[in-house]
There are 2 protein chains.
Amino acid sequence: MPLDRIDKAILSSLQSDCSQTNLQLAQQVGLSPPACLKRVKRLKAQGYIQKEVALLVPEKFGPYLHMVVEVEMERDNKAMNQRFLQRALASPEVKQCYQVTGEVDFVLICMVPDMPSYEAFCDRVLYAEANLKKFRTLISLKREKFDTRINTG
Amino acid sequence: MPLDRIDKAILSSLQSDCSQTNLQLAQQVGLSPPACLKRVKRLKAQGYIQKEVALLVPEKFGPYLHMVVEVEMERDNKAMNQRFLQRALASPEVKQCYQVTGEVDFVLICMVPDMPSYEAFCDRVLYAEANLKKFRTLISLKREKFDTRINTG
DNA sequence: CGTGAAATATGTATCGT
DNA sequence: ACGATACATATTTCACG
């Protein structure tokens with residue numbers, strides 16, 4: 001059950017703007033509203049769409065910083081690393097986490113209102129972890145791009 | 001014009017799920033549907049909401065890799081850096097870009113189907129840039145967390 | 001998949017606090 | 001100024017061809 005041209009057009013459109021009505025979407029992809037709606041429902045049921053969210057404008061909510069944090073673990077201890085991961089993923093400051101190969105084990109993208117908040121996060125999550133060898137923080141004052149869209153093939 | 005408790009509840013709810021109807025949202029925040037709708041419209045008009053998007057499930061579209069790329073520029077040449085930035089931001093592989101302070105100048109989060117695609121991207125965008133001193137790539141086979149929500153205060 | 005009708009949601013106007 | 005109720009409009013959804 002591969003996606004046809006129209007399914008891809010629907011997904012492509014929805015990941016740019018899901019606030020449009022099914023009427024508009026149907027017209028865009030050249031289907032009748034019911035046919036379009038049926039496809040959207042099917043795509044959701046089949047798990048292509050994780051969820052629909054509003055992206056807010058961070059500047060409107062006061063000052064903030066992004067931190068790119070490279071985390072290096074002491075040993076490749078699965079259990080210990082899982083424990084750290086759990087803590088990190090549960091932290092509201094951590095917006096993204098990538099497991100990477102090489103020297104570095106994880107890259108975190110954190111968002112905090114200021115430096116003290118980041119230091120508190122480090123104390124709570126990073127310094128508290130015995131198996132954490134070291135970490136490096138890259139401070140970002142400006143996010144130049146943030147695009148949640150992916151290639152639909 | 002600061003946001004009150006209800007505005008924050010609305011934004012908080014919408015950035016978790018904007019597929020819900022205004023009826024549901026109104027009930028959640030304890031307002032009548034018209035009162036709730038008026039607030040949502042106002043929040044959009046005032047620029048708190050950038051857009052509403054569908055987040056797709058990457059695994060459903062074939063294999064992919066994330067790359068965390070640290071880019072170091074040769075000199076702090078504003079004009080040259082702008083030219084690089086323009087190229088990077090225009091590249092579909094680059095999903096996020098952070099300007100950072102310190103040795104590294106930019107961090108890119110790229111998404112590609114495979115290594116050859118990434119190499120093609122490097123040739124096109126990174127190696128083609130004269131003012132680029134060096135870059136380091138961290139390869140991620142697994143994105144552990146991706147949360148687009150921010151603190152509404 | 002499309003058409004047309006029913007159900008539901010969004011949007012508007014007015015009133016009341 | 002803000003919210004609620006009642007009403008009008010638009011969209012979603014279902015039945016049928």
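Quick note: numbers below take in every heavy atom, side chains included, and nothing from hydrogens, waters or symmetry partners.
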Residue pair Y98(A) / I109(A), side-chain heavy-atom distance below 4.5 Å
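Side-chain contact under 4.5 Å: yes.
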
Taking the six-membered ring of F121(B) (Phe, Tyr or Trp), confirm whether the NZ or CZ of R124(B) is under 6.0 Å from its centre and within 45° of its axis.
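Not satisfied by the 6.0 Å and 45° rule.
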
Provide the full list of ring pair (Phe, Tyr, Trp, His ring centres under 6.0 Å) pairs with a residue in residues 8-43 of chain A, sequence neighbours left out, each pair given once.
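Every candidate ring pair (Phe, Tyr, Trp, His ring centres under 6.0 Å) pair involving residues 8-43 of chain A fails, so no pair, neighbours aside, qualifies.
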
Would F135(A) and F106(A) count as a close aromatic pair, with their ring centres under 6.0 Å?
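No, the ring centres sit 6.0 Å or more apart.
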
Could you give the distance from CZ (F61(B)) to OG1 (T152(A)), rounded to the nearest 0.5 Å?
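Between atom CZ of F61(B) and atom OG1 of T152(A) there are 6.5 Å.
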
Spacing of CG belonging to L11(A) relative to NZ belonging to K60(B), to within rounding of 0.5 Å:
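Nearest 0.5 Å value for the CG-NZ distance: 11.0 Å.
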
Taking atom [atom2] of [N] as reference, at what distance in whole Å does atom [atom1] of [X] sit?
X	N	atom1	atom2	value
K38(A)	dC14(D)	NZ	C1'	12 Å
R42(B)	dA1(D)	CZ	P	12 Å
Q27(A)	dT11(D)	CD	P	11 Å
D4(A)	dC1(C)	CG	C1'	13 Å

For dG3(D), does OP1 or OP2 lie under 4.0 Å from any side-chain N or O of R39(B)?
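So the side chain of R39(B) is within the cut-off, an N or O lying under 4.0 Å from OP1 or OP2 of dG3(D).
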
In the 5'-to-3' direction, what one-character label does each nucleotide of nucleotides 4-17 of chain C receive under the scheme B = base within less than 4.0 Å of a protein heavy atom, S = sugar-phosphate only, - = no such atom?
B----SBBB-----

